[in-house]
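Since the structure comes first, as structure tokens, the remarks are kept for the end.
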Amino acid sequence: GRYAVAVICSICASWLIIFWLECYQFEPSNIREHPHDDLPPFPALSMDNMFWALQVSDVHLSIADGFVSAKPFHAFCSETVSVVRPSLVMLTGDITHAKFANDIDSKQREEEWKVYDDILKQTNVVEKVSWLDIRGNHDNFDVPSLTDASNHFRKISPSWKDHKSYSYRY
């Protein structure tokens with residue numbers, strides 16, 4: 001009884017799988033050529049088409065912890081960027097910590113943004129690569145509007161200065 005049902009179910013399942021594979025078989029002849037397949041950039045044996053980018057996030061420059069992340073961020077901007085030589089660096093949020101030592105209360109602190117600005121200027125990184133910085137939640141704490149005086153991002157960010165927007169076109 002049970003054995004026969006199991007055998008019949010296995011045969012039916014196998015038949016359905018075979019049927020499904022036959023119906024959905026990949027046919028290379030169905031692939032249409034893209035109209036721009038012959039135009040670069042495309043993978044090749046040379047490095048001409050390579051685009052190098054670096055992404056860093058959650059730097060959390062913080063007056064509350066004595067700016068312990070400032071030194072590694074400075075090294076990233078001066079050493080890592082110089083070694084990798086990317087076309088683009090993306091800093092994707094939480095540039096500053098904007099919290100007090102109790103890690104509960106928050107406030108945008110101009111000192112934290114000044115440290116960010118100083119590192120960018122000291123390392124000259126913005127002159128070496130395209131720099132795209134995007135605000136994270138910590139960079140938005142207690143900023144009621146884009147034009148508010150507490151929005152230090154708009155005064156310091158290379159992305160904001162150049163593009164006056166939250167969008168970026170490369």
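Just the heavy atoms: all of them, side chains too, but no hydrogens, waters or symmetry mates, feed the values below.
Remark: K114 engages D118 in a salt bridge (Lys or Arg N to Asp or Glu O under 4.0 Å) (not counting sequence neighbours).
You'll find the side chain of V143 reaches within 4.5 Å of the side chain of Q108, heavy atoms only. Considering only heavy atoms from C-beta on, L88 stays 4.5 Å or farther from W52 through its side chain. Between V59 and F76 there is no side-chain heavy-atom pair separated by less than 4.5 Å. With a 4.5 Å cut-off on side-chain heavy atoms, S130 and V89 do not count as touching. Contact check for V115 versus E112: no side-chain heavy atoms found under the 4.5 Å cut-off. The shortest distance between side-chain heavy atoms of V81 and V129 falls below 4.5 Å. You'll find the side chain of R135 reaches within 4.5 Å of the side chain of N151, heavy atoms only.
Judged by the 6.0 Å distance and 45° axis criteria, R109 is not positioned over the aromatic ring of F141.
With hydrogens and angles ignored, the 3.5 Å screen pairs a side-chain donor or acceptor of N140 with a backbone N or O of G136. Put simply, the side chain of Q55 never gets that close to the backbone of L91: no donor and acceptor are under 3.5 Å apart. D94 places no side-chain N or O within 3.5 Å of a backbone atom of H60 that could act as its donor or acceptor partner.
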**Message:** What verdict does the side-chain contact (heavy atoms from CB on, under 4.5 Å) test give for F100 and S62, after you've listed the backbone C-alpha separation in whole Å, the side-chain angles of each residue and the deciding distance to 0.1 Å?
**Reply:** CA-CA 9 Å; F100 289 88; S62 175; over 6 Å; no
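Hydrophobic side-chain contacts under 4.5 Å tie I11 into a cluster, directly or through other members, with Y3, V7.
In this structure, I134 CD1 and T92 OG1 are separated by 6.5 Å, a value rounded to the nearest 0.5 Å. Here the straight-line distance linking atom CD1 of I119 with atom CG of N124 works out to 14.0 Å at 0.5 Å rounding. In this structure, the separation between CH2 on W113 and CD1 on I63 is 14.5 Å, given to the nearest 0.5 Å. Separation of atoms CD1 (I95) and OG (S69) is listed at 11.5 Å; rounding is to 0.5 Å. Distance CG/D65 to NE2/H97: 7.0 Å, rounded to 0.5 Å. Taking OG from S10 and CH2 from W15, the interatomic distance works out to 15.5 Å, rounded to the nearest 0.5 Å.
In plain terms, the two heavy atoms of A64 and K99 that are nearest each other are CB-O, 3.8 Å. When all heavy atoms are compared, the tightest approach of T123 to S78 is CG2-CB, 3.8 Å. Residues D148 and P144 come closest through the heavy atom pair OD1-CG, 3.5 Å. For S159 against L132, the heavy-atom pair with the smallest separation is OG-CA, 3.3 Å. Shown here for L54 and P86, the closest heavy-atom pair between the two residues is CD1-CG, 3.8 Å. T96 and H138 make their closest contact through O-CB, 3.2 Å (heavy atoms, listed as atom of the first residue, atom of the second, distance).
Checking S150 against D142 by side-chain atom types alone, no donor-acceptor pair falls below 3.5 Å. When only modelled atom types and interatomic distance are considered, Q122 and H74 share a side-chain donor-acceptor pair under 3.5 Å. A donor and an acceptor atom, one from each side chain of H152 and K155, are located under 3.5 Å apart.
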